[in-house]
Student: 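Right, I'll just put the structure down here and ask away after.
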2 protein chains.
Amino acid sequence: MNSPLHLYKAEFFKALGHSVRLAILDALREGPLSVTELQAVIQADQSILSQHLAKLRVMKFVSSRREKTTIYYDVPDREVYQFLDLAKNIYVRQLQQSQEMLKELAPSEELPE
Amino acid sequence: MNSPLHLYKAEFFKALGHSVRLAILDALREGPLSVTELQAVIQADQSILSQHLAKLRVMKFVSSRREKTTIYYDVPDREVYQFLDLAKNIYVRQLQQSQEMLKELAPSEELPE
DNA sequence: CACATATATTTGAATATTCTAATATAACAA
DNA sequence: TTGTTATATTAGAATATTCAAATATATGTG
């Protein structure tokens with residue numbers, strides 16, 4: 001169960017396990033953006049953004065190309081978005097379940113302080 | 001970009017970012033198993049397994065039901081497996097890309113020691 | 001009740017990830 | 001060459017995750 005493949009899979013999911021990296025992928029949904037553009041959309045500072053881009057690059061979620069001094073990032077494998085959409089279906093259901101538990105805990109009452 | 005939803009999404013992926021937890025989900029693909037059975041399949045010790053099951057439970061990837069002293073775990077949302085299969089398509093391609101880079105680095109040669 | 005079995009939780013140390021700040025690099029323009 | 005803009009990398013501190021060991025709990029049995 002700790003085969004190289006299992007460990008690699010875990011790295012794959014870890015690469016997605018950060019809100020900035022998810023925001024990057026979201027921002028690139030409609031097409032490539034430069035780092036500066038990403039910075040504006042995501043509101044993260046230069047160094048942070050660059051470090052997270054590096055992780056996504058290492059794991060091949062994004063590719064980059066230089067044009068003069070600007071670097072454009074892209075998600076070449078469009079199936080990534082199908083995948084993220086499927087993820088959304090699942091976690092929305094999971095959240096709903098948590099909601100239901102809360103309601104059962106406090107039926108027609110305020111939550112205790 | 002650090003909205004509660006983005007943060008929750010990140011938690012969702014983090015929950016999958018561990019080889020033991022992926023092994024658990026794999027083991028439950030064909031149906032429910034008890035903790036003892038999981039221990040045998042996954043070869044992880046009791047405490048570790050239980051801690052990872054707890055994370056999967058909190059994030060609603062698994063549900064559990066007690067039968068006498070035995071607790072059976074299950075993945076009630078079968079779409080999770082579609083999702084994991086899609087993930088596999090993607091990371092297999094990502095791995096292939098890494099392979100190609102290696103080949104380019106050392107064309108028709110052994111890798112340097 | 002006392003004990004056994006199955007599983008869960010807690011605690012602290014070990015390890016990994018993230019952030020901040022500073023520095024480095026690459027390409028171009030003057 | 002010097003300066004400027006865009007981006008990347010590094011180092012160390014801050015934070016989070018994981019693991020191992022010990023302990024707790026829940027259920028059933030004699």
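Worth knowing before you read on, the calculation uses all heavy atoms, side chains too, and leaves out hydrogens, waters and symmetry mates. Residue numbers start from 1 in every chain, and the chains themselves are labelled A, B, ... in the order their sequence lines are given, proteins ahead of strands.
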Student: Quickly work out the A/Phe13 CZ to D/dT17 P distance and round it to whole Å.
Tutor: 18 Å
Student: For the pair made of OH in A/Tyr72 and P in D/dA8, what is the distance, rounded to whole Å?
Tutor: 13 Å
Student: Between P on D/dT18 and NZ on B/Lys14, what's the gap in Å once rounded to a whole number?
Tutor: 9 Å
Student: Round to a whole Å and report the spacing from CD of B/Gln39 to P of C/dA8.
Tutor: 10 Å
Student: Could you provide the dot-bracket string of DNA chain C, using ( ) for intrastrand pairs, [ ] for crossing pairs and | for bases paired to another strand, with Watson-Crick or G-U pairs below 3.5 Å?
Tutor: ||||||||||||||||||||||||||||||
Student: Quick one, A/Gln96 with A/Val92, criterion side-chain contact (heavy atoms from CB on, under 4.5 Å). Give me CA distance, side-chain angles, the key distance, then yes/no.
Tutor: CA-CA 6 Å; A/Gln96 281 166 352; A/Val92 164; 3.8 Å; yes
Student: Take atom NE2 of B/His18 and atom C1' of D/dA16, then tell me their distance rounded to the nearest Å.
Tutor: 13 Å
Student: What's A/Thr70 touching, base or sugar-phosphate or nothing? Going by heavy atoms closer than 4.0 Å.
Tutor: sugar-phosphate
Student: Rounded off to whole Å, could you give me the CG-to-C1' distance for the B/Leu7 and C/dT18 pair?
Tutor: 14 Å
Student: Starting at the 5' end of DNA chain C and moving along, which residue's nearest nucleotide shows up first, A/Glu11 or A/Asp45?
Tutor: A/Glu11
Student: Okay, side chain of B/Arg66, backbone of B/Tyr72: is any donor-acceptor separation there less than 3.5 Å?
Tutor: no
Student: With sugar-phosphate meaning primed atoms plus P, OP1 and OP2, does A/Tyr73 contact a base, only sugar-phosphate, or nothing at under 4.0 Å between heavy atoms?
Tutor: sugar-phosphate
Student: Considering the options A/Lys14, A/Gln51, A/Lys55, which one meets the side-chain contact (heavy atoms from CB on, under 4.5 Å) requirement together with A/Arg21?
Tutor: A/Lys55
Student: Got B/Leu16 and B/Leu25 here, is their nearest side-chain heavy-atom distance under 4.5 Å?
Tutor: yes
Student: Suppose we call a contact any N or O donor and acceptor under 3.5 Å apart; does that hold for the side chain of A/Gln46 and the base of D/dA6?
Tutor: no
Student: Does A/Glu67 form a side chain to side chain donor-acceptor pair (under 3.5 Å) with A/Thr70? I'd like the steps, not just the answer.
Tutor: CA-CA 5 Å; A/Glu67 201 167 293; A/Thr70 302; over 6 Å; no
Student: Just checking A/Ser47: base, sugar-phosphate only, or nothing, at a heavy-atom cut-off of under 4.0 Å?
Tutor: base
Student: If each of A/Glu67 and A/Arg21 is mapped to the nucleotide of DNA chain C with the nearest heavy atom, which maps nearer the 5' terminus, i.e. the 5' end?
Tutor: A/Arg21
Student: Check whether B/Arg93 reaches the backbone of B/Lys88 with its side chain - one donor and one acceptor, N or O, closer than 3.5 Å.
Tutor: no
Student: Give the residues of residues 48-66 of chain A touching DNA chain D, defined as any heavy atom closer than 4.0 Å, sorted by residue number.
Tutor: A/Ser50, A/Gln51, A/Arg57
Student: Keeping the roles fixed (side chain from B/Tyr91, backbone from A/Tyr8), state whether a donor-acceptor pair exists under 3.5 Å.
Tutor: no
Student: Any chance you could lay out the side-chain contact (heavy atoms from CB on, under 4.5 Å) test for A/Asp26 and A/Ile42, step after step, and finish with the verdict?
Tutor: CA-CA 10 Å; A/Asp26 258 8; A/Ile42 291 174; over 6 Å; no
Student: Decide if the gap between the ring center of A/Phe13 and the ring center of B/Phe61 is smaller than 6.0 angstrom.
Tutor: no
Student: If I take atom CD1 in residue B/Ile71 and atom C1' in nucleotide C/dA8, what distance separates them, rounded to the nearest angstrom?
Tutor: 8 Å
